[in-house]
Amino acid sequence: MLKMDERTLLREAREISLEKLQQAVRQNGVMSGLMQMLLLKVSAHITEQLGMAPGGEFREAFKEASKVPFCKFHLGDRPIPVTFKRAIAALSFWQKVKLAWGLCFLSDPISKDDVERCKQKDLLEQMMAEMIGEFPDLHRTIVSERDVYLTYMLRQAARRLELPRASDAEPRKCVPSVVVGVVGMGHVPGIEKNWTTDLNIQEIMTVPPPSISGRVSRLAVKVTFLGLLGYSLYWMGRRTASLVLSLPAARYCLQRVSSARPDP
């Protein structure tokens, strides 16, 4: 995605096919896969409204880093499947329904001026507070936990580098790393807060087992899908049979069969 242009990203976001849905479900599970497709729909909506795809700052950083000799490029965020699964597991059944409903029918217009206003610290903090109030567990998994992960990865990248030695007798020499971290604005306060604290990312990398509501939701989705598939096949078969039987040749064959049948 870092190498795609805006037009390709918009096309990819628009083309939400059954194949993409199946792939997302196989990789992330039913609920996480469906949520990923809904977020892709939101991304397409934002791209259409602004004429640019979200994540342009990361693509620009990738492009500029490739111009710097000996520059190493690191993807420092937590893997998407882990974040999705932890976010879905943290929500109750009704919270999942409410979130999915909001994402399905998101059609509010958004302009470049709106984006610029979101860069204001006060407005950004207000939006974060609203998210915490409505979906506190979602904010914890999508924002707060990733603040910790991003801080940990930035600190790992910022460690001093040991220069190679010609022999073991030569004293060790270290030089400071030069690091440019590109993160979303909503993560900056959390990174500053966590920078001087001891961090353990093992806990936020584990995926909790599915809850009872999650298993019920998964079963309901599968039953609904199989039911719709079965009904579609039944309807198509019935329709096809009616069309075949209405043909003159089919009627003639049925009449011949009826006339050839011996009387009781």
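In what follows, every heavy atom counts, from backbone to side chain, and hydrogens, waters and symmetry copies are set aside.
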Q: With hydrophobic residues grouped by side-chain heavy-atom distances under 4.5 Å, do V68 and V179 end up in a single group?
A: no
Q: Identify the two heavy atoms, one from T197 and one from N194, that lie closest to each other, and give their separation to 0.1 Å.
A: OG1-O, 2.8 Å
Q: Does any part of the side chain of F62, heavy atoms only, come nearer than 4.5 Å to the side chain of V182, both counted from C-beta?
A: no
Q: Do Y149 and L75 belong to the same hydrophobic cluster, where Ile, Leu, Val, Met, Phe, Trp and Tyr are linked whenever their side-chain heavy atoms lie under 4.5 Å apart, directly or via other members?
A: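 No, because Y149 and L75 fall into different hydrophobic clusters, even though each may have its own neighbours under 4.5 Å.
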Q: Just to verify, which of H139, M205, R86 counts as forming a side-chain contact (heavy atoms from CB on, under 4.5 Å) with E145?
A: R86
Q: State the CZ-CZ distance between R172 and R160, to the nearest 0.5 angstrom.
A: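 It comes to 14.0 Å.
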Q: Starting at OH of Y152, measure out to CD1 of I201 and round the result to the nearest 0.5 Å.
A: 5.0 Å
Q: Let me confirm one number: the NE2-CG distance from H187 to D77, rounded to the nearest 0.5 Å.
A: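 Answer for the NE2-CG pair, H187 versus D77, is 6.0 Å.
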Q: Supply the atom-to-atom distance L2 CG to K63 NZ, rounded to the nearest 0.5 angstrom.
A: 11.0 Å
Q: So which heavy atom on L138 is nearest to which on A87, and how close?
A: CD1-CB, 3.9 Å
Q: If I take atom CG from residue L150 and atom CH2 from residue W195, how far apart are they, to the nearest 0.5 angstrom?
A: 10.5 Å
Q: Which heavy atom of L161 sits nearest a heavy atom of S177, and at what distance?
A: CG-OG, 3.4 Å
Q: Can you confirm whether more than 12 heavy atoms, excluding those of R159, are under 6.0 Å from its CZ atom?
A: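 Incorrect, the count does not exceed 12.
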Q: Does some side-chain heavy atom of H74 sit less than 4.5 Å from a side-chain heavy atom of Q156?
A: no
Q: What are the two closest non-hydrogen atoms of E162 and C174, and how far apart are they?
A: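 Minimum heavy-atom contact is CA-SG, 4.0 Å.
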Q: When you measure from the side chain of R146 to the backbone N and O of I142, does any donor-acceptor pair fall under 3.5 Å?
A: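 Pair found, side chain donor or acceptor close to backbone of I142.
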Q: Can R78 and T83 be counted as having a side-chain donor-acceptor contact under 3.5 angstrom?
A: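 Per modelled atom types, R78 and T83 side chains form a pair under 3.5 Å.
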Q: Closest approach of L199 and V148, non-hydrogen atoms and distance?
A: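 Smallest interatomic distance, heavy atoms only, reads CD1-O, 3.8 Å.
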Q: For T141 and A90, work out which heavy atoms get closest and say how close.
A: CG2-CB, 4.0 Å
Q: Determine whether more than 12 heavy atoms belonging to other residues, nucleotides or ligands lie under 6.0 Å from atom CD of E170.
A: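 Atom CD in E170 is packed in, count exceeds 12.
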Q: Tell me whether F58 shares a hydrophobic cluster with F73, the cluster being built from Ile, Leu, Val, Met, Phe, Trp, Tyr side chains joined at under 4.5 Å.
A: yes
Q: V180 versus E64: any side-chain heavy-atom pair under 4.5 Å?
A: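 A side-chain contact is absent here, since even the closest heavy-atom pair is not under 4.5 Å.
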